[in-house]
Each structure stands twice: as C-alpha cells, then as structure tokens.
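A note on names: the letters A, B, ... follow the listed sequences, proteins ahead of strands, and every chain is numbered from 1. Note: hydrogens, waters and symmetry copies are ignored here, and every other heavy atom, side chains too, is used.
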Amino acid sequence: MAEVEETLKRIQSQKGVQGIIVVNSEGIPIKSTVDNSTTVQYAGLMHSFIMKARSTVRDIDPQNDLTFLRIRSKKNEIMIAPGKSPSASGFQASC
Amino acid sequence: MLESPKSSKTSALSAKGSVKKLKGETKAKGSAKGKRKQLGKKDEEEDVSMASIGHPEIFPLVFTEKTQEILNCRINEDITEEKPYKLLKKEDIIQDMKTRAAVSDFHPVKKIVLEYPGEELLIVLDREFKYGQNFYLVATEEAKESFLNPPEAVEEEGETKEGTTEEYVYKPPVRKPWVSLGSEKEIEEESVNESVRKIKYMISRVRREFGSKVKFTDRNASSVKDGYIECTSYQDKNFSIMKLEKDVGAQVVPKVREMSTQTKWTYPRNATTQYFPREFSDEEKELCLSSEDLKEFIISVFLRVEIALQQNEIMNAFFDDWKALAEDESAFGGKSDAYLKEYQSFTDLHYLKHRRVSCVCWHPTIYGIIAVSVTERLSYEERITQSGKLLLQKSPILFWSFSDPIHPQLMLECPEEVYCFEFCPSDPNIIAGGCRNGQVVLWDISEYEEKLQNAKTGAGGSKNTAVNMPTFIQAQQSGKEPHFVRYCAVSSIEYGHKTVITDIHWLPDYFEVNRMGIAFENRTGVCVQLVTCSPDCSILFWDLRAPKTTIQNSTEKAKDEKAIEAPPDVPTTFKHLDLSWRPLIKANLSKSDTSGDYSPTKISLVEEHFHYKMQDKMQYQIKPEMFGDENPYKQLRVPSAKPLKILENIATNFFVGTEDGEVIYSDWKMERESDSGRLISQKPANKYTIHDGIVHTIQRSPFFKDIILSVGGWNFAIWKEGVTSGPILQSCCSSKRYTVGHWSLSRAGVFFIGREDGNIDIWDLLEKTHEPSQTQNISISMITCIKPWIVSSKQHFLAISDDFGTLHILEISWTLSHPSSNERASVLHYFEREVKHLDYFEQRQEFRAKEREELELEKQRKKIKVAGGQKSREQMEEQMNINYVDFLDEEKKILTGLGLLKATDRFA
C-alpha cells in the first residue's frame, strides 16, 4: 500500500502532471488524484478507447499486445498504461 | 450530124430530164401550194432559164431539124461557127408556136417570147452545150445587145488602141506546161495532212429536254457488273500473335456493403435515462489498493510512464514547426516597411502657444487619453526677468483624447511648471508631478474618470446649443471647455528639492522603503512611494502616507487644519500631505574623487513597475477589494504599525544620469555615520563619463532588467548592470544632439531616439549598430519626449512631443512593432557577445600594455647588444679587401669560361 502511494507520488511530482487515475480492468476507478466527476468522466471515456486499441493491436498480430497509449491533443497529453489482460498471466515491461 | 442524134438524144434526155424536172417541180410546187397552179406554166418557163448558173436571161432550147428549117437556123448552114447566132423575128416565133402549139420547140419559152419587148430574139448555137442544149435563147435585150455588140466594140476598141501606141505589142502570158522540178516532195513532207480521217459524231437531243429536271433513279449495285468495287477483309498475319504472358494485378478489397433503412418516425417523444457510473465503495477501494496485483502492476507500469513523461520534458511536443517557420520568413521580408505613420496630432493654440512639451504620459487604462505637460520656452535669464508675468500664466497639464484633437479633455492646475509627471500604476486617477521649484504635486482626478472614459461620445455633442447666448457663457456651457482640476497636495517647499525636479517615479507596489532605505514588504497593495531626482544633487523618496510624527503632535495637526482650508472643489485625498509633505529619504550623490556632488537628471531603478501596456481595469479592482469599495488612497493615513517583512531580493541599486553627462551607479541604502549618527548615503559605486551633455534619458529595457539605455549629448550608450568596465555599446557622435530616447515596447532590439532637429532615429540592434536603421522626420522643432504605447496587438502608438507644444501620435508599422520569433534571444545573445567583447577588449588592453612593456625592454636590450659588437675600422677594411680579391678571381673564372680572356696564365 505504501509502495503504491509512493510510486504514485513520484509520478505526480513530475513536471507538468495534472493528475493520475488508477482504474481496474472493468473501468471502475480505484484511485485518483483529481476530483470525482473528472475521474468518472475520464474512466468512462478511456475504457472503451483502451479496449478498441487493444483489440486493434491483437487483430493485426495475435502475439502482440498493447503496452502504452498516448493521446496528444493541442493542450495536453493523456498517457495510458494498460495492465495485464485477463487472459495473460504476466506482463513484460519494455525499456 | 452524128452529134445531132447525140445531141438529140442528149437533148431528148435532157428534154426528158427537164420535163421530168418540170414535172417534179410542178408536182412539188403544186402539192405545196394551190395558188401557184395557175401560174404553173409561167413558172415552168421561168425555171427553164439558166438562173441556176447565174444567167437568168439564157434559156436553153432544143431545136429539131424541122424547127431549124422553118426558122432557117439550121446548124452549119445558117448558123455557123463564125456566126453562131441568129436573129429571129418575134412574129415568126409566135407563128411557129401557133402552128405547132405544143410541139413547138419554143413552147417552154412561150411566155418570154410573148413578153419580149424587142422585135428580134437572139438564138445562139451552143456547140459546146454550155447550157445544156444545142441552142439557147437570150431573153433580154441588153444581153442580146451585149452579145452582139461588145465583142465588136472590144475589137473595135482594141484596133483603135493598137493604132496609137508605138509598136508595144501586148502579149498576154502564154500558158506553159508546168515542169516539176522535185519541189513537190518537199512540200508534201512539210505540209500537214490529216492521215486519219476524222470521225465525226453528231449528237442530237430533243430540244425540249435541255434544262429539264433531272430524274434520279435507284440502281442496284449488284445488278450491273462492275457497278461497285469491293475491298474484302482478309486476315492479316501480323495480328495473329498469340499472347502467352499476361500481367495482371489483383487487390484485396474489403467487402463493403452499404445498407440503410428508414425508420418511421411517428412523433417525437422525450425519453430520458439516468445513469450513474459504477463506483467502488470505500471499502472496496481499500481492498483493491492493498492487493498484490495492483502493486505489481503499478511497479511494472511506472517505468513506462516515467519514460514517457521524460520524453515530454526533453522535447516540447507541442511545438508547431509550421508556425515557427512562417514567422521567421516574414521578419526578413518586411524590413523595408518599417516606418511610423502619422495617426493624429494635438495642439492647442490657447494653452500651448510658445510652450514646450516637457513630459508626455499615456493614460494606463483608458484608450486614447494622453496627458501632456508644458513649460515655457525661455532661457534662465528670461525667466528671471519675466518671473512676475510667469506667476500669472500657469501652464497646465492637458489631457488629450483621440476623439477630439482640438480641445483638451481635462486640465490640471499646476502650482508651477511641471517638468515631469507620472500616473500612479495602482490607481490611474492619482497623478504625481514634479515642478520647477522643486515641489511634488499630487492630483486626484477620480471625479473626472468617467468623463474621460466617455470622451469619445462626449465630443461634439453640444454643438447645437442656442446660438443667441453670448459666447462666454456658451463656452462654459458647451462642455468643450476642459475641466480645470486643482491639485490635491504639494510638498513642502523647505524640505523638498531646491531646483527643478527632472524625474519622478512611483515605486512598485510590492515593496516599500523605510528611512534607512531598506526594502520592506508593502501590505497595502498599492503604490505608496515616490522617487524624485533633481540637479540639486539629491534623490528624494516620498511616502504618500502621513509621517508618524505629525500624528503624535496634535497641535500641529490642528494648525494644519486651520491654516489650510482646502477649496471646495479639491478632493481631499492627500490633504494630510498638503504643504507639509516631507521626503522619507534624502540620498545625496557625492563625488568620490572631489568634494562636489553629482547633479542627477534622470533616475532608473531596478525594481520598476514598467508601465507600457494598457492594463485591464480588473487588475486594479482586485487589489482595492481588500479594502472594500473605497479608494485605498483615501484610507492611506498612517503607515501600518505592524512589523513589515524585509524583502531580501529587492535590489536597491539605481542608475543615474547627471547634468554633466555622467552615468552613475549607486545604492540608495543609507548608512549610519558612526560619529554623528546621521544617515548618509553611500558613495556611488561606479561612474562613467560618456556623454557630452545633459543625460536626458536613462531607461531600462522592458525585456531585460539589466540593460539600460542612456541618451545624452551627441551620443547614447547601452549598459549592462554588473558590467563595470564600461558601456557594452556606445554610439558614435551624431551630427545632431540627441534629446530623448526610449526603448521599443515590443521589440527587444529596437529603440527610438529623438534629435534636436525634429527627427526620430529608429535603431535596430539586430540590423545595424553603427547607424540608425531608419530616420524619420516628425516636426521642425526639437523632440522633447517619446513615449510608445501598446493599445492592442495591432495598434502600437508612439507619442512624440516637440518644442512647439505639438503632440504627434504615430502608429508604428507592423514590422517595427512585431518581433520575430527569436528576437529576444538574439538580442540577449548580442548583449552577451558584447560583454564578452568588452572583456576581451580589456584583456587585450592588458595584453597590449604588457606587450608594449616587453617591446620597450627588447629595445633596450638590443641597444646594449649592438653597442658591444661593433667592429673596428681596420677590421672592416681588411674584410673589404678580401672580398675584393674574391671578386676578381670570380670575374676571371667567368671570363675564361666564356672565352673572352686569354688563358695566358695557364701557360705562364
């Protein structure tokens, strides 16, 4: 628990980070550093987006999987790191 | 008479022929016309004549022998060759014809005989049957006569002719037989004869068919042989090549099918759903958070996120290259368009006649309002002589509005001529000015703020007032007469400056200064302090709040109240200061070398509230909210008693330009003299004598806090705070005196300098540093003040005032007002380079000095050396001799080599 907190704090302290939201595989937010309404909004919007992106990657190559998703807009950038898929057991982090 | 049977035969034949002829003719003629039947006989007789051969009077006759006997014209008896004719009497012929009627030979010529006029008819024997018969009858008398007589006449004539001529015998040419000599052949050869008989065709057509309509008929081509020519197709062998290879491309295309349906929309119906997102309750959240899975996940993912964030840090992901590219190009292209466009100019004949503008200030918040202070254009002596008159004519501060170039909006009364003034940055209704006699004046124009704001709409509205009223009332009532505002407060004369105040500044609102010169935190949130400088060698700090000492002394307070009763229309904002205002700090600028002091004319502080943009009113409203709705200045009575925090990072240094053309860098912190306990100011840290005249401008760049521009005399200089060796840029002396200078507010490397001939020099440090990039003439008289102002991103104004009291407003063109994308960086770079250059220069100076020393030493050393090694005279002579002998040998060798010299030596 403490480690989780610490890690999240480290990310939050980076320059330019506005907020962090941790979401489970169903899209329900677990932890967030921004207010509730924003959390819910982001979680709801991103869930379907992540599913679509992941399925796209898997369609092209079933051995492949989504590691990181970045959505860059005019004003800011949303970074999504998806966790392990329900089927796979482990997850390799790429350097 | 063999001939006669012949002739008879022939005559019979001919008679028969003639009868046949006659008969044919009569038949023909009879059939043709019926009328001629009666004349048939006569016609017969006529036709018998030899008309056909041109002798109509000759009628051939056949005489039978019996006829011949009767008429005694028997051939060879009566009629012979010599005399082939006979004259017969007409009666005889008629008798003969009567007796023998039709058988008579004369029957054919009966009519002619009967009609014959003469008595005798001539019958001529025609031996040769010239006319077809053996006799012929001459029908006419003339022919008879000619037949009988002419030959005799001719003979007679001929005989007579022969008698007269002398033996000329006319021999008619005798016919000779033609003898061929062979020329016929040549002629035959040459002549063109038709060898082939020409074929003649005669084509005829019925005349009515000419020009008639053509009738076309169809004809089957195959009906006639050769009616058409056919080109039958045949198989050309060239085209029978078989294609063995084919290049075909195939593409996989997703099967796309479009389908659409139309739903029946009966009627609109509002339907709503309400949902709420799935959320975990707090306990569930806690559960999740503490799970191991989550921990692992976060740790694994964290690295990625960190990398991504760092990537963003390294490179600005939001940098638009396209836009940046465009900006650079536009900057280079449009440099030629840099100019100042005249926008408006203000002048007033009533108040500004013979007056010079001393200071110009834009109103910080209201668009289009600019304030101008004017002074008399008199020299010092004239001032003294006219001092009495001057007291009456006080030059005011005029407020101009763009909407009305002729009538000023507002007029501020000045106790004396104001040389400089400034709007308070916190509240633009407070204006502080410095006068000629060393007093500081304060105005409060809060009442007229609205009027100034409505200056656009107010002008010209009251033109239609009644004409009948006398002019002076009208002028007052028209509203165009500017309002006259009295000053709020003036400083005390004894404690203020001794001479004219040349520069006044408001201290920024985030710090305040105490008596020692130490900066403290300013709790009031507004500007409360002023700085003034004057050539009386002092710099004074003023506080708008009443000093503590007066409050303690109540009697003094009462005195103040009694003595000074403010006129009714004066706002009471600064009543506490009026005439008793004393400066907070008095800083002297004493010279370090000599005993005198510097006489500052302009001052530039580090921490300065640089007012160059029109700021929103909102900014001002935020601060006064802390104090409620009232103007905070009205509540400024006492400096707060609470302990204020000392601000460490406020720099208390400043630059000063003096009357003698020096630029001084000093600190305003006061020191306490150890002996007397008095507060004395520090000595200036640096001083530079650069300019040849009064320093008119010392100004910090709005972009760089440590770059200062100083303008004075005939040149200007740019300084960097911290660089003590000298100015980083110093211009060469110009032909005309520089009177005023100001940095451009939008472009980092541009500044404007005004000259005494009315020209403005626009300097662009990135373009040229040895001369101005542009010069523009503004007025004919000296430029006294330049103040740029940014109204909006598209409108940049430059207010320039001159010696004649005219204020020119010019619009700065796009290129001059808009910086290129990296201009600030370039200018900064430039300054850094210059600083380095200065350092390098200093180093080189030292180096050069060293070098020079070394050179001197070298020279000295050389002298010593040379003196010791000098050769003696004898030695030199010997050396010369040796050289000469060597030379002679050499010469001999060469000459012998050439064969010019006899080699006698060899044999000798």
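- B/R700 places no side-chain N or O within donor-acceptor distance of the main-chain N or O of B/I707, the cut-off being under 3.5 Å.
- Within the 4.5 Å cutoff, no side-chain heavy atoms of B/H796 are placed close to those of B/L745.
- Side-chain contact between A/V17 and B/L309 is present, with heavy atoms from C-beta onward closer than 4.5 Å.
- Here A/R70 is the residue among A/R70, A/E77, A/E3, A/E5 with the most heavy-atom pairs under 4.5 Å with chain B.
- A donor-acceptor pair under 3.5 Å is absent between the side-chain atoms of A/Q14 and the main chain of A/I11, judged by distance alone.
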Check: residues 37-45 of chain A side-chain donor-acceptor pairs under 3.5 Å, at least two apart:
{"residue": "A/S37", "atom": "OG", "partner": "A/D35", "partner atom": "OD2", "Å": "2.8"}
{"residue": "A/T38", "atom": "OG1", "partner": "A/D35", "partner atom": "OD1", "Å": "3.0"}
{"residue": "A/T38", "atom": "OG1", "partner": "A/D35", "partner atom": "OD2", "Å": "2.8"}
{"residue": "A/T39", "atom": "OG1", "partner": "A/S32", "partner atom": "OG", "Å": "2.8"}
{"residue": "A/T39", "atom": "OG1", "partner": "A/V34", "partner atom": "O", "Å": "3.4"}
{"residue": "A/T39", "atom": "OG1", "partner": "A/D35", "partner atom": "O", "Å": "2.8"}

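- Contact count versus chain B (heavy atoms, under 4.5 Å) is highest, among A/I30, A/V4, A/N36, for A/I30.
- Heavy-atom distances place both the backbone and the side chain of B/F280 under 4.5 Å from chain A.
- In this structure, chain A has heavy atoms under 4.5 Å from both the backbone and the side chain of B/E279.
- With a threshold of 4.5 angstrom between heavy atoms, A/N76 approaches chain B through N, CA, C or O but not through any side-chain atom.
- For A/E26, the parts sitting under 4.5 Å from any heavy atom of chain B are the backbone and the side chain alike.
- For A/I80, no part lies under 4.5 angstrom from a heavy atom of chain B.
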N/O donor to acceptor pairs below 3.5 angstrom from side-chain atoms of residues 255-264 of chain B, sequence neighbours left out:
none

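- Of all the listed residues (B/I298, B/D293, B/N312), the one sharing the greatest number of non-hydrogen pairs under 4.5 Å with chain A is B/N312.
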